[in-house]
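Chain letters run A, B, ... following the sequence lines, proteins first and then strands; every chain starts at 1. Because the structure is predicted, anything quoted here is derived from the model rather than measured.
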Protein chains: 2
Amino acid sequence: MKQYHCPVELTLDVVGGRWRVLILAHLKQGPLRYGQLRRLIPDVSEKMLTQRLRELEADGLVLRDATHEPELRTDYRLSPEGETLAPVLQGLYDWGLARAERTGVVVTPPGD
Amino acid sequence: MKQYHCPVELTLDVVGGRWRVLILAHLKQGPLRYGQLRRLIPDVSEKMLTQRLRELEADGLVLRDATHEPELRTDYRLSPEGETLAPVLQGLYDWGLARAERTGVVVTPPGD
DNA sequence: CAGAATCCGACAAGATACTG
DNA sequence: CAGTATCTTGTCGGATTCTG
């Protein structure tokens with residue numbers, strides 16, 4: 001049992017770490033397949049991506065539907081609970097963008 | 001030189017990790033002294049608190065003014081740049097609060 | 001394609017003791 | 001009060017190999 005002294009800690013439990021927020025931010029745009037996520041987040045390893053997706057699933061933020069027909073294929077998308085994070089994710093995105101402009105940092109979309 | 005593929009990564013560099021967001025969220029309420037921060041974030045060690053405060057200072061998000069007269073005393077507060085994070089911090093706070101209610105988790109303010 | 005399993009290193013974080 | 005210094009531990013994440 002963990003003790004929370006501030007609501008922010010709760011949010012951090014869910015979106016904390018290096019990858020979770022990134023995954024959620026991409027899924028916010030719409031459902032994505034495993035391979036698509038990998039391409040959108042080029043620096044994540046398969047292990048991390050799978051691990052974080054499982055955790056997000058367990059936390060009820062992400063839904064997963066897999067089919068094996070005609071071939072193996074898995075879609076991930078935000079659950080209703082996950083959708084409630086949209087404003088937060090948007091805020092993180094917007095601030096990052098503005099900060100990039102202020103500091104002259106370049107953001108390179110993985111458009112390859 | 002780090003490669004950013006998504007603006008969110010930039011935000012994470014600044015508010016990422018376990019303590020930074022927490023520190024910023026408290027400073028958002030107004031200037032605080034070192035000891036006050038420690039009490040508000042009971043689980044942080046002195047080392048971590050100092051280290052994170054130095055980083056936030058270096059990133060230009062937090063300002064520090066120390067006096068030695070009549071006694072040693074240091075105030076930390078958000079810089080103008082740090083203030084731009086206010087909506088983000090508020091978003092994280094609000095979502096955590098709502099999530100706590102939905103999941104029945106109790107948040108215990110360090111008011112003891 | 002979408003993973004699981006294992007091994008390993010780096011760094012974040014904790015504990016403790018000491019200082020102006 | 002507001003730190004610094006040192007040592008140790010734990011967790012996160014990378015690399016690689018294997019599978020239905």
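In this structure B:Arg39 satisfies the salt bridge (Lys or Arg N to Asp or Glu O under 4.0 Å) test with no other residue, sequence neighbours excluded.
The CG atom of A:Leu56 sits 8.0 Å away from atom CG of A:Leu27, with the distance rounded to the nearest 0.5 Å.
Contacts between residues 4-16 of chain B and DNA chain D, defined by a heavy-atom separation under 4.0 Å, are absent. Of the residues in residues 29-55 of chain B, those placing a heavy atom less than 4.0 Å from an atom of DNA chain D are B:Arg33, B:Tyr34, B:Gly35, B:Glu46, B:Lys47, B:Thr50, B:Arg54, in numerical order.
Residues A:Thr74 and A:Arg33 have side chains not in contact (no heavy-atom distance under 4.5 Å, counting atoms from C-beta outward). The shortest side-chain heavy-atom distance between B:Arg102 and A:Thr84 falls under the 4.5 Å cut-off. Side-chain contact between A:Trp95 and A:Leu97 is absent, with no heavy atoms from C-beta onward closer than 4.5 Å.
With B:Leu85 as the fixed residue, the side-chain contact (heavy atoms from CB on, under 4.5 Å) test singles out one of B:Leu78, B:Val21, B:Val15: B:Val15.
Here the side chain of A:Thr11 pairs a donor or acceptor atom with the backbone of B:Gly96 at under 3.5 angstrom.
Residue pairs meeting the side chain to side chain donor-acceptor pair (under 3.5 Å) criterion with at least one member in residues 14-25 of chain B, sequence neighbours excluded, are B:Arg20-B:Glu55. The side chain to side chain donor-acceptor pair (under 3.5 Å) pairs that include a residue from residues 22-31 of chain B are B:Lys28-B:Gln90, where partners are two or more places apart or lie in different chains.
The distance between atom CD of B:Glu71 and atom P of D:dC1, rounded to the nearest whole Å, is 10 Å.
Side chain to side chain, A:Asp13 and A:Tyr4 meet the donor-acceptor criterion of an N or O pair below 3.5 Å.
Using a 4.0 Å cutoff to heavy atoms of chain A, the contacted part of DNA chain C runs 5' to 3' from C:dC1 to C:dC7.
Here B:Arg64 lies in heavy-atom contact (under 4.0 Å) with sugar-phosphate atoms only.
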